[in-house]
Structure formats: structure tokens, C-alpha cells
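Here the structure is laid out as C-alpha cells; the discussion comes afterwards.
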Protein chains: 2
Amino acid sequence: MGDRLPLRAERRRRTEGRILDAARALFAEVGYERATVRAIAKAAGIDPALVMQYFGSKQALFQEAVRMAPEPDPGLGAEELVEGLLGTLDLKLGDLPQSSLAMLRSMLTHPEAAVSAREALGAQIDRLAAAIPGEDARLRAALVTMIMVGVTVGHQLLELDELRGVPQEEVARLLRPSLRALTGPEVS
Amino acid sequence: MGDRLPLRAERRRRTEGRILDAARALFAEVGYERATVRAIAKAAGIDPALVMQYFGSKQALFQEAVRMAPEPDPGLGAEELVEGLLGTLDLKLGDLPQSSLAMLRSMLTHPEAAVSAREALGAQIDRLAAAIPGEDARLRAALVTMIMVGVTVGHQLLELDELRGVPQEEVARLLRPSLRALTGPEVS
DNA sequence: TATTTCACTCAACAGGCGTTGACTCAACGA
DNA sequence: TCGTTGAGTCAACGCCTGTTGAGTGAAATA
């Protein structure tokens, strides 16, 4: 049923995928520095040298592992305004892809990850700011964004007892007024 | 005028201070992994071996550098209730000691820093929760705490353009309603 | 079938890391 | 004044890191 790829290309594709998956998981779990090429290769079931052959360097592998479609749109678009964020708030809180977690985990200690993070957060801020009225829209948008980052850090990365096991809708419910206070009363 | 310490003890005290200052600065700037013992020693103007002689291990040095008086009280006490946080909000945002920044910088990638962070944030949550009425006080307190962490991360560690150069009172002013939405309408 | 291609492994390199033990020499106590 | 203490240096250790180049054997090509 599936198209029969040449065996070699198929193998290559699969191996590349396994490396990327292992890399994302490890970067997300322990961050850039502690996720060694050897550990990633082991998790992918291959030789460390192959990682270099596929991606050139650890840094390049990281960038590839962290790269995302420049906003998968079922997220929040400018047209959905602020309610886009509020509506998918629990999704944002709970279902972040491994690539995002990898970036968040490393952004404070790995310079390149910090660059990626500033880009991604900057884009998010831009989108939000376009939907917020008033003078200090960008500042408000930045605060909203960092609130989400802070809560995500506590929930997914630090795994604070107070946030673990709490259903995402509950968090979203409590957070919504705080965010609305910053964005202004837009939609319902 | 000062009491004349024996020269040796005085030197020791000074050197230890210089090491700790250099360690705090570097841990805060680049995090635990990238702040090498050699770099810390160089910044303190001494030999790397002396760091070990003073603190035993890099890990022990980190713990010492990050340790704080268990709440210097001119911060927020339970008796000041939530307004304690809101009142000194700009202080919290701008004047964090190097030791706190060192902990925050490393908390996502260094396990021991994560432990310290969970302790410190847990204590903060406890204090806040005691001042928040209602069922989900601890959850609300945790969210308030992580909001502060998120904004601090964006401001001090990621140095987002949108937050850099913004006066702390401005940030505090915009943030206050959001926090109040979580804590409930306490004092003024 | 003979030849080339290429996914993959193996062994090793150079460099940086935390850490150690022997040493130096000025400050101290008797 | 003379032995002792201790702050500080120096050179080196073993380890782990990212990275490399030669080698292998099965799949592709002709």
C-alpha cells in the first residue's frame, strides 16, 4: 500500500527520525550541555559518529531538533485575537511538543537556545501585541508571554508539587482573569 | 577603627569573599555547567586549586554561593499579606541578589539548583498561600510565584527587548491587577 | 556478475573539565 | 629567634567531551 521507497533512502529517513526524537527527548529532559552526543546516539541505537555524519555538529543537531513550523496555526493567530491564547490556554499549558520543551529547558544556559527562545517568544509577543489595544501593547504582550512561560516552567520543567497533577483546565480557569487584566476585555 | 584581625584570618576571609562573589557572578551569568572552576578562580584572581581547598568541590561552592538568609524579611512576610508582594513588587523585579539569579539561571539544567529552586519557591508559595483565602490557595500562590519567575526570567535572564529598559514601576503597575486577580482583593 | 555507492561502525584524537598532592614562603606562637 | 602553621601556587592526574578518518559490508547500479 505505501509507496516503496528505495531501501536505502527509507533507512536513512528512519534513522534520522530516531536521532531527532532521541535528541529532542534528551534536550528536553536534561538540557543542551548534559545531553551528550554519546547519550543521544545510544538512545537512538546507533554510533555517536553517525550523529555527526547526519547533522554535522551537536549544535546543528540542536537547531534541527528545536526547529518548528513557524507557528502550526492551530495555536493562536492574530485573527483569533487574544481569545486565541485564552481559548487554547490549556493546550498551551499541557501539550507542548518536545521541541519546545527542549528549547525552554536550555534557554537560560545555552546561548544558541537563548537566541531561539528570544525569536520564538518575540514572534509570540508580536502576534499578541497586534491584538492588544493601547499604548503599551508590546509590553503587555511580553508580560502575558512570560506569564505563560513561568507557569509552564513550574509545571513542565521544575515540576512543582503545587502544579503537578492539577488538571490543565483548572490552571487555565485560574489564570484567565490575570491574562485578561493585561490584554484588556476583548472578546467574550 | 575596625577591630584588627590577625592578618591571616583577615586574608582568608577576604579571599573567600572574592571567590564567592566571582562564583555568584559567573553562575548568574552563564549557569552552573559553563561557569568553570578555572574561570571563577581567574575572576577571583587566585589559583583554581585554592577554590577546592576552600569549598571542597564545585558543587559545594555552588550551594554556598546560592545559599541565602532564609528570607531577609524586608521582602514579604505573612503578616504583610499579599500586599507584601505587591508593595515590593518592583524591588522583587529589579534588585534580585546575584545568588538568586545564579539559582534561577541554573535551575532548569542543574539538578541541585533545581532542588534549591523548588525549596525556595516552595517557601515563597507557603508564605503566599497563608495569605490567600479560599480552597485553592496553594495553587493560586504557586501561579503568582511562577508569574513572578516568568517575568524575572524574561527581564533579567533572557533580557527580552520588550522588557529591557522598562522602569520597574511600570512593570509592577501593569502586573498588579493580574496578581490581584489571583490573590483576591485583600488590602488597599 | 562486477563495480560503485553509502549507511554505519570502530578506534582514536585533542581539548577542557573537576580534582589532587607536593611544594613555597610569609605570618604566627613559643 | 626558631620551628610550626597555613594561604597560596604549580604541575599533573583521569575522565569525559565533541569530533574525525579509515574501514566494512550490504544495497544500488551497470
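Throughout, protein chains are lettered first and strands after them, A, B, ... in sequence-line order, and every chain is numbered starting at 1.
- Between the OH atom of B:Y54 and the P atom of D:dG6 there is a distance of 12 Å, given to the nearest Å.
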Pairs of donor and acceptor atoms involving the side chains of residues 106-113 of chain A, under 3.5 Å and at least two apart or interchain, shall be tabulated with distances.
{"from": "A:S106", "atom 1": "OG", "to": "A:Y32", "atom 2": "N", "distance (Å)": "3.0"}
{"from": "A:S106", "atom 1": "OG", "to": "A:A102", "atom 2": "O", "distance (Å)": "3.2"}
{"from": "A:T109", "atom 1": "OG1", "to": "B:T109", "atom 2": "OG1", "distance (Å)": "3.4"}
{"from": "A:H110", "atom 1": "ND1", "to": "B:R34", "atom 2": "NH1", "distance (Å)": "3.4"}
{"from": "A:H110", "atom 1": "NE2", "to": "A:Q59", "atom 2": "OE1", "distance (Å)": "2.8"}

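- Considering only residues two or more places apart in sequence or on other chains, A:R14 meets the salt bridge (Lys or Arg N to Asp or Glu O under 4.0 Å) condition with A:E10.
- By the 4.5 Å heavy-atom criterion applied to side chains, A:R138 and A:D126 are counted as neighbours.
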Report task. Could you please spell out the steps behind the side-chain contact (heavy atoms from CB on, under 4.5 Å) verdict for B:L160 and A:R118? Result -> CA-CA 7 Å; B:L160 293 186; A:R118 274 189 282 259; 3.7 Å; yes

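- Side-chain atoms of A:V149 and B:L158, non-hydrogen and from C-beta on, never get closer than 4.5 Å to each other.
- One atom, CE of B:M52, and another, P of C:dT19, lie 4 Å apart when rounded to the nearest Å.
- When the C1' atom of C:dC28 is taken as reference, atom CZ of B:R8 falls 5 Å away, rounded to whole Å.
- Residue side chain B:R11 does not reach the base of D:dA7 through any donor-acceptor N/O pair under 3.5 Å, judged by distance alone.
- Residue B:T36 places none of its side-chain N or O atoms closer than 4.0 Å to OP1 or OP2 of C:dG16.
- Side-chain atoms of B:R12 stay outside donor-acceptor range of the base of D:dA7, with no qualifying N/O pair under 3.5 Å.
- B:E10 places its CD atom 16 Å from the C1' atom of C:dC28, with the value rounded to the nearest Å.
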Query - Trace of the side-chain contact (heavy atoms from CB on, under 4.5 Å) decision for A:H155 with A:L96 - result: CA-CA 11 Å; A:H155 189 259; A:L96 276 181; over 6 Å; no

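- Spacing between atom CG of B:L7 and atom C1' of C:dA26 amounts to 10 Å, rounded to whole angstrom units.
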Short N/O separations, protein against nucleotides 10-13 of chain D, under 3.5 angstrom:
none

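- Separating the CD atom of B:E16 from the C1' atom of D:dG8 is a distance of 15 Å, rounded to the nearest angstrom.
- Straight-line distance from the CD1 atom of A:I40 to the P atom of D:dT19: 11 Å, rounded to whole Å.
- Here A:S57 does not reach the OP1 or OP2 of D:dG18: none of its side-chain N or O atoms lies under 4.0 Å away.
- Comparing B:K58 and A:Q53 by the nucleotide of DNA chain C that holds the closest heavy atom to each, the one mapping nearer the 5' end is A:Q53.
- B:F55 places its CZ atom 13 Å from the P atom of D:dA7, with the value rounded to the nearest Å.
- Counting all heavy atoms, side chain and backbone alike, B:L157 lies closest to B:R105 at O-NH1, 3.5 Å.
- The side chain of B:V37 lies closest to C:dG18 when the candidates are D:dG8, C:dT5, C:dG18.
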